**Q** 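Structure incoming, see below.
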Amino acid sequence: MQPLRHIGTCLACAAALFGTAAQAQETTSPEGGVALELNAADLVGEACRITFVATNTGAEPIDRAVYETVLFGAEGGVMMLTLFDFGSLPAGVPRVRQFQIADTACGRIGSLLINGAGTCTVDGAASDICAKGLATSSRLNIELQG
């Protein structure tokens, strides 16, 4: 009967270790980031006005977030590379930002790629939270990738 008692003890130890590992995974979550949703694209004169909903999911306000963005045509070729300045993003509060793409019909845009954060400032210092914790989504038939 001695070996069975050791098996029970080993199972109890394994359960305790597994529980500790699971707790460690739960407490090591990302520090937040930025969620960008492509929400609308409207033709305004000769320009396509693109509307984003940006949410800082971190605990600290972002002073300034500027994203290098690549616009791809409907056939997949690169149309242009530009910078979108989202300005300040308070923690946990959605913000709507609009950008106009001159001389571009919205139907010509196939997808957008957030190529990286050109500027990301938190508490007056450069930060990697704008790129490291980036999540993208789109409500349109124009895909948004990050």
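Keep in mind the model is a prediction, meaning the values are calculated, not measured. When a residue number appears, it is its place in the shown sequence, counting from 1.
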**Q** Heavy atoms only: give me the nearest A41-C48 pair and the separation to one decimal.
**A**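 Minimum heavy-atom contact is CB-SG, 4.0 Å.
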
**Q** Are any of the side-chain heavy atoms of S88 and I62 separated by less than 4.5 Å?
**A** no

**Q** Got T104 and M80 here, is their nearest side-chain heavy-atom distance under 4.5 Å?
**A**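 Touching, per the 4.5 Å side-chain cut-off.
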
**Q** For residues D85 and R64, determine if any side-chain heavy atom of one lies less than 4.5 Å from a side-chain heavy atom of the other.
**A** yes

**Q** Counting only N and O atoms by type, is there a donor-acceptor contact under 3.5 Å from the side chain of D63 to the main-chain atoms of G124?
**A** yes

**Q** Please say which of L83, L36, N115 ends up in a side chain to side chain contact (heavy atoms under 4.5 Å, CB included) with Y67.
**A**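 Running side chain to side chain contact (heavy atoms under 4.5 Å, CB included) over L83, L36, N115 with Y67 returns exactly one hit, L36.
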
**Q** Would you find a donor on one side and an acceptor on the other, under 3.5 Å apart, between the side chain of S127 and the backbone of I129?
**A**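 At least one qualifying donor-acceptor pair exists.
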
**Q** Mind listing the closest non-hydrogen atom pair of V53 and P94 along with its distance?
**A**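 Of all heavy-atom pairs spanning V53 and P94, the closest is CG1-CB, 4.1 Å.
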
**Q** Distance-only, no hydrogens or angles: does the R49 side chain make a donor-acceptor pair with backbone N or O of V44 under 3.5 Å?
**A** no

**Q** Contact between I50 and I101 at the side-chain level, heavy atoms closer than 4.5 Å - yes or no?
**A**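 The answer is yes, as the side chains (C-beta and beyond) meet within the 4.5 Å cut-off.
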
**Q** Using modelled atom types and a 3.5 Å cut-off, is there a donor and acceptor pairing between side-chain atoms of N39 and backbone atoms of T51?
**A** no

**Q** Give a yes or no on this: more than 12 heavy atoms of other residues, nucleotides or ligands lie within 6.0 Å of atom CD of Q98.
**A** yes

**Q** Does the plane of the ring in F99 sit parallel, tilted or perpendicular to the ring in F52? Use 30° and 60° as the thresholds.
**A** perpendicular

**Q** Could you tell me if S138 and E143 have a donor-acceptor pair between their side chains, going purely by distance under 3.5 Å?
**A**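 No, because no side-chain N or O of E143 sits under 3.5 Å from a partner of the opposite role on S138.
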
**Q** Is a side-chain donor or acceptor of T119 paired with a backbone partner of A65 at a separation under 3.5 angstrom?
**A**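 Flag not set: sc T119 to bb A65 has no pair under 3.5 Å.
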
